[in-house]
Amino acid sequence: MVRGKTQMKRIENPTSRQVTFSKRRNGLLKKAFELSVLCDVEVALIIFSLRGKPYEFASSSMQETIERYLRHTKDNRVKPTEQSMQHLKTEAEKMLKKIELLEVSRRKLLGENLGSCALEELQQIEQQLERSVTRVRARKAKVFKDQIEKLKEKDLVTGPNEKEFLLQPMVTQKEEVLAAENAMLCEKYGMLPGKGSKEVNENEEANDESSPSSDVETELFIGLPEGRAKRIVQPNSTD
């Protein structure tokens, strides 16, 4: 009978998982024993089950093997050598120089410390600033265009009827405020709302009718004022 290939994944069935653990644990312990005997090596093996139960094998002493392993790892720890320290120092110096150059370039772009710049360097700075301004203006124009397109789309979506519908509450509110102010003024001056202007017109017409009409003398007279006065009195004396 050909044995199928076992898939390397967790066994979901608890019973099958426990059976597999027991078989492979015993096989692993047996292999460790055979390795220590056949190759004359020091072997230590520790296994913890799912419930925390330990299983171990040691060809000599488990404690001595663990201490030997700890001493070995302690002695072979990676320590920074003098060569690596020198390399890190060199890299740090390079980074500091780059930072200084970037700071100087930034100040020159801001128009500072330009006294030591030659003509060619000044031309390069000017060209770089012009390119930057061109990019900024292009981006600004694109943002404006996008905003205009959004406003146009919003106007198309709302339409004129919806605009009037949105503005109607504002107009109604203003009319209410004006009506309230008109009523307050009428109450203050003892007038009825809507009749104040009519009464004022009627009073003006009554004043016009009651005032006597005065005759204006338009006849032209040349001479002394005394002669004019006699002329005015004469017609009355004849009557």
Side-chain angles (χ1 to χ4, degrees), residues 3-12 17-18 20-147:
R3 186 176 180 181
K5 186 178 180 180
T6 305
Q7 296 181 357
M8 289 294 104
K9 65 178 183 179
R10 183 176 181 271
I11 301 173
E12 299 297 335
R17 187 166 59 244
Q18 183 63 32
T20 303
F21 172 73
S22 299
K23 290 182 180 181
R24 292 183 178 263
R25 179 198 62 200
N26 294 332
L28 183 60
L29 293 173
K30 183 180 178 181
K31 292 293 182 182
F33 171 72
E34 292 175 353
L35 181 64
S36 63
V37 174
L38 294 174
C39 301
D40 192 19
V41 294
E42 186 177 358
V43 179
L45 176 64
I46 301 174
I47 302 173
F48 286 94
S49 66
L50 185 62
R51 297 180 180 178
K53 185 178 179 180
Y55 299 91
E56 64 181 36
F57 168 78
S59 59
S60 58
S61 172
M62 179 64 72
Q63 188 65 30
E64 292 178 359
T65 304
I66 293 174
E67 291 176 357
R68 182 181 177 183
Y69 171 76
L70 293 175
R71 287 195 303 271
H72 180 75
T73 54
K74 184 178 180 180
D75 294 337
N76 292 335
R77 282 180 183 172
V78 179
K79 296 180 180 180
T81 60
E82 185 178 354
Q83 185 178 1
S84 62
M85 291 294 294
Q86 186 66 28
H87 177 71
L88 292 175
K89 186 177 179 180
T90 305
E91 292 294 329
E93 290 177 356
K94 290 181 179 178
M95 293 298 295
L96 288 175
K97 290 181 180 179
K98 289 182 179 179
I99 292 172
E100 290 178 359
L101 291 175
L102 290 174
E103 183 66 22
V104 171
S105 178
R106 186 187 69 85
R107 289 179 180 177
K108 289 180 179 179
L109 290 175
L110 293 175
E112 301 176 358
N113 299 333
L114 297 177
S116 60
C117 296
L119 180 60
E120 295 180 357
E121 188 176 0
L122 292 173
Q123 289 177 352
Q124 292 177 359
I125 295 172
E126 183 180 6
Q127 293 174 0
Q128 186 174 358
L129 290 173
E130 288 177 354
R131 289 193 296 268
S132 300
V133 171
T134 303
R135 288 193 292 267
V136 170
R137 288 176 177 174
R139 177 59 184 170
K140 181 181 178 182
K142 187 177 183 302
V143 172
F144 281 160
K145 184 177 179 181
D146 294 340
Q147 291 180 355

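All residue numbers refer to positions in the sequence shown, counting from 1.
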Output the distance between atom CG (Leu129) and atom CG (Leu109), rounded to the nearest 0.5 Å. 5.5 Å
Run Ser36 and Phe57 through side chain to side chain contact (heavy atoms under 4.5 Å, CB included) and show every step you take. CA-CA 10 Å; Ser36 63; Phe57 168 78; 4.0 Å; yes
Does Arg131 form a side chain to side chain contact (heavy atoms under 4.5 Å, CB included) with Arg135? I'd like the steps, not just the answer. CA-CA 6 Å; Arg131 289 193 296 268; Arg135 288 193 292 267; 3.9 Å; yes
Between the side chain of Ser105 and the main-chain N/O of Leu101, is any donor-acceptor distance below 3.5 Å? no
Strictly distance-based, threshold 3.5 Å: is any side-chain N or O of Arg17 a donor or acceptor partner for the main-chain N or O of Ile11? yes
Taking atom types as modelled, is there a side-chain donor on Glu42 or Thr65 under 3.5 Å from an acceptor on the other? yes
State, yes or no, whether a side-chain contact exists between Glu93 and Lys89 at a heavy-atom distance under 4.5 Å. yes
Check whether more than 12 heavy atoms from other residues, nucleotides or ligands sit under 6.0 Å from atom CZ of Phe33, and answer yes or no. no
Under the side chain to side chain contact (heavy atoms under 4.5 Å, CB included) rule, what do Phe48 and Lys53 come out as? Steps first, then yes or no, please. CA-CA 5 Å; Phe48 286 94; Lys53 185 178 179 180; over 6 Å; no
Measure across Ser59 and Val41 and return the closest heavy-atom pair with its distance rounded to 0.1 Å. OG-O, 3.7 Å
Please check if atom CZ in Arg68 has more than 12 non-hydrogen atoms from other residues, nucleotides or ligands closer than 6.0 Å. no
Let's go through Glu103 and Arg106 carefully: what are the C-alpha distance in whole Å and the side-chain angles of both, what is the deciding distance for salt bridge (Lys or Arg N to Asp or Glu O under 4.0 Å) to 0.1 Å, and is it a yes or a no? CA-CA 5 Å; Glu103 183 66 22; Arg106 186 187 69 85; 2.7 Å; yes
What do the steps show when you test Glu100 against Lys98 for salt bridge (Lys or Arg N to Asp or Glu O under 4.0 Å), and what is the final call? CA-CA 5 Å; Glu100 290 178 359; Lys98 289 182 179 179; over 6 Å; no
Heavy-atom count around Asp146 CG within 6.0 Å, excluding the residue itself: above 12? yes
4.5 Å side-chain heavy-atom contact, Met62 and Ile46: yes
Between the NZ atom in Lys31 and the CG atom in Leu38, the distance rounded to the nearest 0.5 Å is 9.5 Å
Heavy-atom pair of closest approach, residues Leu29 and Ile47: CD2-CD1, 4.5 Å
To the nearest 0.5 Å, what is the distance between SG (Cys39) and CD (Glu34)? 10.5 Å
Is Arg10 close to Glu12 at the side-chain level, that is, under 4.5 Å between some pair of heavy atoms? yes
Gln63 vs Glu67, side chain to side chain contact (heavy atoms under 4.5 Å, CB included): CA-CA, chis, key distance, verdict: CA-CA 6 Å; Gln63 188 65 30; Glu67 291 176 357; 3.4 Å; yes
Heavy-atom nearest pair, Ile125 first then Leu114, reads CD1-CD2, 4.3 Å
Would you give the length of the straight line joining atom CZ of Arg24 to atom OG1 of Thr20, rounded to the nearest 0.5 angstrom? 7.0 Å
Only pairs at least two apart or in different chains count here, so list each side-chain hydrogen bond (donor to acceptor under 3.5 Å, both in side chains) that has a residue in residues 117-126. Lys108-Glu121
